[in-house]
Peer 1: 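I have a structure here, written as structure tokens, and I will follow up with some questions on it.
Heavy atoms only: backbone and side chains are in, while hydrogens, waters and symmetry mates are out. In this text, all values refer to a predicted model and were calculated from it rather than measured experimentally.
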Amino acid sequence: MDKTAERFLKDYEYFEEKTNEFYEGVLPRNEYKGISGGFGSYAEKSGESGMLRIRIPGGQLTKERFRFLMEMKDVYHIPMMKFTTCETIQLHNLQAWEICSIAAEALENGIICRGGGGDFPRNVMVSPLTGVDPDEAFDVMPYAKAMSDYLLSFIGKVTLPRKLKVCFSNNKDNVVHATYRDLGFVANSDRTFDVYIAGGLGLKPKLGVCVAERICPEEVLYYAKAMVDLFVEHGNYKVRSQARTRFMQDTLGREGLKEKYLEKLQEAKAGDDLRICPEETIIRKTGKGEIVHKRVIPQKQEGLYAVSYHPIGGVPDLKVMQNLYDAIKEMEEAEVRLSTDETAYIINLTAEEAGKVLEITKGGAETCFEHSVACIGAKVCQHGLRDSQDLLRKCVEAVREANIPDGALPSVHISGCPSSCGTHQTAAIGFQGGAKKEDGEMVPAFTVYLNGCSLQGQETISQSSGMMLKRNIPKFLTELGKTVENSGKTYEEWVKEHSEDVKAIAEKYL
């Protein structure tokens, strides 16, 4: 056990005590939530089982972390895993003793669930193909790993108003939403970062404020320290619904926010030396062979490939996961990277190895639409209003039955409630769980969000277009898909001139 993990050892004794009290019916749900979240665990809807969130810094599912997960799956007969939009893995349907035992064993293996939820710095996110992406500015993973270790040092020492999400983007695809997180670093080709703060989705979503450009990457920890100090001083400790960094844009104004942040930055730089010089990752593996497939991505390392695997709804088949681990554990330098869109990328593969991984992971998403994102949903989540997973399954079935071609629909993002865990607010098409009155009764429905965009320089928060009954959403998507198909264009091409037509089709089903 490393020193960081050892520091949290006593905390876990307290967690086990309170977990047992809750599941024995002694501790109220709200009180337990305030405790368990800080350990990456929440009770599920039934109150009889819970989930445990495994922190995966940078979404880097190394062979050692992968091995641990597969061992836990077998020992505790874990029935369900979920890839999340924060590049973590959630273990679901666990009993109290299983939650505590797995969390403790994770700690012994250097995997820290502490701060996986609650009012803490969360899992640091990274562009999943950093280090192997031909189009990246530079590899940001070393800086993200250093940041992850640094943020863990605040747990137990600093009380934040609420959670703090930090990420690093290696190019303008902005997969991790670096320009609208609590703190985001965007890589430039000259090996510098631009820094954005106080953005976020959910209630009153906001794009971030750019507070610095072309900073030296060795200084990123100063920017984190400044963000923590700013949030502690100006964050809202009284109203929980407004206790996120983005609300400081309202209380301080965008310019006032930037001014206060830069003051904190100067204070941080006048304090302890936080400069870092992390080791760069060097891939020494030699590639060979060629392979072409829509799920295969050529890496910048000649002859090496990455394979994408997107289980529908981000819920992988556990047999596939086991087979995948059994295959890559013998492959030199192979590892899995998790993405914020619930895709897993298996990287550093030769052509032959990529072929094996393709075969193992078949059965997942094969089209752009099937790469849609959905939170765990109301069937499991205690706060969920609607079952996003069920809606996505029904939509995939309808689109397949209608034989809509790949590209005619974008991936959609579904959140079961306003929290935007499915990141519906920056999707081309998003859905947020709710209810709508029909014949005097409230029935399952989702608010429709249209025309969002996450690309750097084109960031757009999507706009609500009304509420649609759940049963009508597959019909809306199939009509939209057929319309685009008849145009002979992809959805991305078609919508540039037909954004109002999307609204018009949606209105038929509202």
Side-chain angles (χ1 to χ4, degrees), residues 28-30 32-33 37 42-51 80 82 84-85 90 92-93 200-205 239-242 244 312-315 369 372-399 401 409 411-452 461-480 502-510:
R29 181 187 285 265
N30 284 344
Y32 177 63
K33 178 176 179 258
Y42 291 101
E44 294 177 330
K45 181 77 85 176
S46 66
E48 298 176 357
S49 62
M51 57 76 79
M80 179 183 182
K82 174 75 167 69
T84 78
T85 53
Q90 292 177 177
H92 284 280
N93 301 326
L201 304 180
L203 177 66
K204 295 184 178 179
V239 182
R240 188 162 181 80
S241 63
Q242 296 180 24
R244 290 297 304 276
I312 301 297
V315 180
F369 176 73
S372 293
V373 174
C375 68
I376 194 63
K379 196 171 183 180
V380 176
C381 177
Q382 60 177 289
H383 294 296
L385 301 175
R386 292 291 162 249
D387 190 346
S388 3
Q389 292 286 321
D390 182 66
L391 174 60
L392 178 57
R393 284 192 295 271
K394 285 180 167 56
C395 290
V396 169
E397 290 170 4
V399 168
E401 288 176 5
L409 284 172
S411 64
V412 303
H413 290 228
I414 307 171
S415 299
C417 75
S419 294
S420 201
C421 291
T423 63
H424 64 276
Q425 291 167 313
T426 55
I429 301 176
F431 300 97
Q432 174 190 300
K436 186 176 183 178
K437 184 173 285 189
E438 182 184 50
D439 298 330
E441 295 185 6
M442 300 305 292
V443 295
F446 287 77
T447 300
V448 183
Y449 286 79
L450 298 175
N451 302 322
I461 301 294
S462 55
Q463 298 298 310
S464 168
S465 296
M467 186 165 278
M468 191 178 291
L469 295 179
K470 177 183 174 182
R471 67 171 182 266
N472 287 337
I473 293 175
K475 301 174 188 176
F476 157 59
L477 291 173
T478 51
E479 180 175 344
L480 178 62
V502 181
K503 296 179 182 178
I505 294 172
E507 285 174 1
K508 297 180 184 179
Y509 300 93
L510 297 179

Peer 1: K45 side chain to G384 main-chain N or O, any donor-acceptor pair under 3.5 Å?
Peer 2: yes
Peer 1: Can you find a pair of side-chain heavy atoms, one from P418 and one from L385, that are under 4.5 Å apart?
Peer 2: yes
Peer 1: Kindly check if the number of other-residue, nucleotide or ligand heavy atoms within 6.0 Å of NZ (K379) is above 12?
Peer 2: no
Peer 1: When rounded to the nearest 0.5 angstrom, what distance separates CG in N451 from NZ in K503?
Peer 2: 6.0 Å
Peer 1: Which heavy-atom pair separates R386 from A435 by the least distance, and what is that distance?
Peer 2: NH2-CB, 3.4 Å
Peer 1: For S462 and Y449, which heavy atoms make the closest approach, and how far apart are they?
Peer 2: OG-CB, 3.3 Å
Peer 1: For F431 and V448, which heavy atoms make the closest approach, and how far apart are they?
Peer 2: CE2-CG2, 3.9 Å
Peer 1: In Å and rounded to the nearest 0.5 Å, what is the NE2 to OG distance from H424 to S415?
Peer 2: 5.0 Å
Peer 1: List the atom of L469, the atom of E438, and the distance in Å for their closest heavy-atom pair.
Peer 2: CD1-OE2, 3.5 Å
Peer 1: Indicate yes or no: at least one non-hydrogen side-chain atom of I429 is less than 4.5 angstrom from one of L480.
Peer 2: yes
Peer 1: Run the side-chain contact (heavy atoms from CB on, under 4.5 Å) check on V396 and R393 step by step: do they pass?
Peer 2: CA-CA 5 Å; V396 169; R393 284 192 295 271; 5.9 Å; no
Peer 1: Would K82 and M51 count as a side-chain contact (heavy atoms from CB on, under 4.5 Å) here? Give the steps.
Peer 2: CA-CA 10 Å; K82 174 75 167 69; M51 57 76 79; over 6 Å; no
Peer 1: Tell me the closest heavy-atom pair linking I376 and C381, and the distance in Å.
Peer 2: CG2-CB, 3.8 Å
Peer 1: Looking at SG of C421 and CD of Q432, how far apart are the two atoms once the value is rounded to the nearest 0.5 Å?
Peer 2: 11.0 Å
Peer 1: Among M468, K436, K470, find the residue that satisfies the side-chain contact (heavy atoms from CB on, under 4.5 Å) test when tested with F446.
Peer 2: K470
Peer 1: Okay, side chain of H413, backbone of G422: is any donor-acceptor separation there less than 3.5 Å?
Peer 2: yes
Peer 1: To the nearest 0.5 Å, how far apart are CG in L391 and OG in S372?
Peer 2: 9.5 Å
Peer 1: Do Q463 side-chain atoms and I461 backbone N/O form a donor-acceptor pair below 3.5 Å?
Peer 2: yes
Peer 1: Return the minimal non-hydrogen interatomic distance between V502 and F476, and the atom names on each side.
Peer 2: O-CE1, 4.2 Å
Peer 1: To the nearest 0.5 Å, what is the distance between OG (S49) and NE2 (H92)?
Peer 2: 9.5 Å
Peer 1: Scan side-chain atoms only and decide if Q382 and Y42 contain a donor-acceptor pair under the 3.5 Å cut-off.
Peer 2: no
Peer 1: How long is the straight-line distance from CG of N93 back to OG of S46, given to the nearest 0.5 Å?
Peer 2: 8.0 Å
Peer 1: Given side-chain contact (heavy atoms from CB on, under 4.5 Å), test L203 with S241 step by step and report yes or no.
Peer 2: CA-CA 8 Å; L203 177 66; S241 63; 4.3 Å; yes
